2 protein chains.
Amino acid sequence: MSPYDPSAFPPFAVTVDLVVLTVRRDALCALVVRRGEPPFQGRWALPGGFVRGDEDLGAAAARELVEETGLCVHDPAAPPPALGNGAHLEQLATYGDPDRDPRMRVVSVAHLALAPDLPAPRAGGDANSARWAPVEDLLGQDGGAEGEGDQSGPLAFDHARILADGVERARSKIEYSSLATAFCPPEFTVGELRRVYEAVWGVALDPRNFHRKVTGTPGFLVPAGGTTTRQGGRPAQLFRAGGATLLNPPMLRPEI
Amino acid sequence: MSPYDPSAFPPFAVTVDLVVLTVRRDALCALVVRRGEPPFQGRWALPGGFVRGDEDLGAAAARELVEETGLCVHDPAAPPPALGNGAHLEQLATYGDPDRDPRMRVVSVAHLALAPDLPAPRAGGDANSARWAPVEDLLGQDGGAEGEGDQSGPLAFDHARILADGVERARSKIEYSSLATAFCPPEFTVGELRRVYEAVWGVALDPRNFHRKVTGTPGFLVPAGGTTTRQGGRPAQLFRAGGATLLNPPMLRPEI
DNA sequence: ACAAAAGTGTTGGATTTACACCCATGA
DNA sequence: TCATGGGTGTAAATCCAACACTTTTGT
């Protein structure tokens, strides 16, 4: 058969699923929504939805992100690093196991979004509730969601794997790119940025060496002018994300 | 509308496209096939085809790879690093611009394969010919394919962008992983591995420091026992790829 | 003997780490 | 005054680039 015979290809549904990460109370958290209908009714899932007939994949992801969080992406069509106070959004990977959705053949193009700490998420679409959950709770050895009075079980579909892939991507990307600033408000201190690294990597970093490193990496941070004492202690300089997207030299994640 | 109403989603065709890279005559080359039918008839394109109705994405990519090159992937379902003399295959990215195929809405899940230098490619499927072309020629500033008496123009569809993404991925992944060995035969010398790095990065590396670095990185190479003089000069030890997939410390790509 | 490629040794400079120490604020 | 986080200085350990030099083959 000719591979381009229009009658010869099986039809697929194509969706986008979102791994939206933020740092709240020194923990890496992901946005999850509760499913209101079968399958997996009552279980937590990643936000997502169908790609429309005339819509690009990145545009569909940006649309879902706005619907779920109100977050704007600065330029959905532009290359990855969206700067400023909008979220960062990039394609993560595509999941297409024939059995991943029991109803039909669905291929999901997962996207990764990094956002600063937000007010409460707003539920939308078919979800009857939404919340930020620590990824540690969602990805426990036995599939997560236990231990806080939440009996809803592990994430729906193959979303635990998608979330794990997104978390791993975020962990490695903040090593060699300036993406960690996407977790910060428009103006932030070196200490706040350090706490982002510590939360995402789950390690403790030396504040003195971190400060030297991050202020010495060209293009990573630019002084915003003021200071703040919102963390207590001596006032800290405020910075904004600089123009650099690739860090040279990279931040070094401690071994083990 | 409910996003899960089965009648509410638009149908898509889903394909896999392959960026198959190898190193031939000290140049990074990609496998391209000539299109036998419109659109883009007569132009070079990446190999690829439709995903079958009951087939996983990785399985479809592995199937196309065998059809086009005869290369086997050691375990299509296993995580990325396939060792030994088979090819490495991993998902690259998904391309779904509504206008990328003039006939219908096609979402293509591109995969990246790295292979050792092979005999002549064998044409298959709808391609009436196939060849290895230096990526430099395929990705010239004006879209490539000129300069060697080939008037077929730039790559079909958005394949130039897919190829560029695949090359960029390969260039960065050999930095921090042992993937460069996927370009080598089962047994190879340090010099042959160095020429892989030089071809992929397009730089010259110091043979002495490279040797020390690569033999000193734990798990990268294991001695295979023999020696060879196939490169001339003093006999060189033969090595096999070691078990390590992540290199620590990474190989350093020279700046600019 | 010579060319060519494989390896080893050494050295100076850069980077990283660990930690002593000082600074500026709120309570 | 003390606790708290912000920031600088410095010395030891480590890593890396550059290159002199030796080894082992083919011609």
Side-chain angles (χ1 to χ4, degrees), chain A residues 23 25-26 174-176 184-185 187-199 201 203-240 246-256, chain B residues 23 25-26 175-176 184-185 187-199 201 203-218 220-240 246-256:
Chain A
V23 174
R25 281 176 270 119
D26 292 331
I174 65 174
E175 241 176 303
Y176 58 88
C184 295
E187 296 194 349
F188 55 90
T189 70
V190 172
E192 289 163 347
L193 183 62
R194 176 171 47 81
R195 280 181 278 278
V196 164
Y197 274 91
E198 291 178 326
W201 283 345
V203 298
L205 300 173
D206 184 303
R208 289 88 48 115
N209 292 335
F210 183 87
H211 185 281
R212 219 194 324 264
K213 174 97 178 193
V214 91
T215 54
T217 299
F220 196 0
L221 303 182
V222 295
T227 63
T228 181
T229 61
R230 60 185 172 224
Q231 304 292 337
R234 169 176 166 179
Q237 275 188 275
L238 286 168
F239 292 89
R240 231 183 282 275
L246 256 34
L247 299 184
N248 200 284
M251 305 297 295
L252 291 185
R253 170 154 43 161
E255 320 270 324
I256 305 171
Chain B
V23 174
R25 280 178 269 121
D26 292 331
E175 245 178 298
Y176 57 88
C184 295
E187 297 195 350
F188 53 90
T189 69
V190 173
E192 288 163 348
L193 182 63
R194 176 172 46 82
R195 280 181 277 278
V196 164
Y197 274 91
E198 292 178 326
W201 283 345
V203 298
L205 300 173
D206 184 300
R208 289 89 55 127
N209 292 334
F210 183 88
H211 185 281
R212 216 193 327 264
K213 174 95 178 196
V214 91
T215 55
T217 299
F220 195 1
L221 302 183
V222 295
T227 61
T228 182
T229 61
R230 60 184 171 226
Q231 303 295 335
R234 170 177 166 180
Q237 275 188 276
L238 286 169
F239 292 89
R240 231 183 283 275
L246 255 35
L247 299 184
N248 199 285
M251 304 297 295
L252 291 185
R253 171 155 43 162
E255 322 268 324
I256 304 172

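Keep in mind that what you see is a predicted model, and the values were worked out from it rather than measured.
When each of A:G232 and A:N209 is assigned the nucleotide of DNA chain C with its nearest heavy atom, A:N209 is the one assigned upstream, toward the 5' end. In terms of position along DNA chain C, the nucleotide closest to B:G233 lies nearer the 5' end than the nucleotide closest to the other residue of the pair B:G233 and B:T227.
Distances were taken from every side-chain heavy atom of B:K213 (C-beta onward) to each of C:dG7, D:dC16, C:dA6; the shortest belongs to D:dC16.
Rounded to an integer number of Å, the gap from A:Q237 CD to D:dG5 C1' is 14 Å. Atom CE of B:M251 is separated from atom C1' of D:dC16 by 12 Å (rounded to the nearest Å). Between B:D206 atom CG and C:dA6 atom C1' there is a gap of 12 Å when expressed in whole angstrom units. With rounding to whole Å, A:R212 atom CZ is found 13 Å from C:dA18 atom P. Rounded to whole angstrom, the span from the CZ atom of A:R230 across to the P atom of D:dT4 amounts to 20 Å. In this structure, A:L193 atom CG and D:dG6 atom P are separated by 12 Å, rounded to whole Å. Distance CG (B:L252) to P (D:dA18): 12 Å, rounded to an integer number of Å. If you take CD of B:Q231 and P of D:dT27, they are 14 Å apart, rounded to a whole angstrom.
For B:R208 and C:dA5, the shortest distance from a side-chain N or O to OP1 or OP2 is not below 4.0 Å. Note on B:R194: a side-chain N or O is less than 4.0 Å away from OP1 or OP2 of C:dA6. Distances shown here put a side-chain N or O of A:H211 below 4.0 Å from the OP1 or OP2 atom of D:dG7.
A donor-acceptor contact under 3.5 Å is not formed by the side chain of A:R234 with the base of C:dA24.
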**Request:** Report the C-alpha separation of B:E175 and A:Y176 in whole Å, then their side-chain angles, then the decisive distance to 0.1 Å, and conclude whether the side chain to side chain contact (heavy atoms under 4.5 Å, CB included) test is met.
**Result:** CA-CA 12 Å; B:E175 245 178 298; A:Y176 58 88; over 6 Å; no
**Request:** Please step through side chain to side chain contact (heavy atoms under 4.5 Å, CB included) for the pair B:T227 and B:L238, ending with a clear verdict.
**Result:** CA-CA 5 Å; B:T227 61; B:L238 286 169; 5.7 Å; no
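Without hydrogens or angle criteria, A:E198 side chain to A:L205 main chain gives a donor-acceptor distance under 3.5 Å.
In this structure, OG1 on A:T215 lies 6.5 Å from CZ on A:F239, to the nearest 0.5 angstrom.
No more than 12 heavy atoms of other residues, nucleotides or ligands sit less than 6.0 Å from atom CZ of A:R25.
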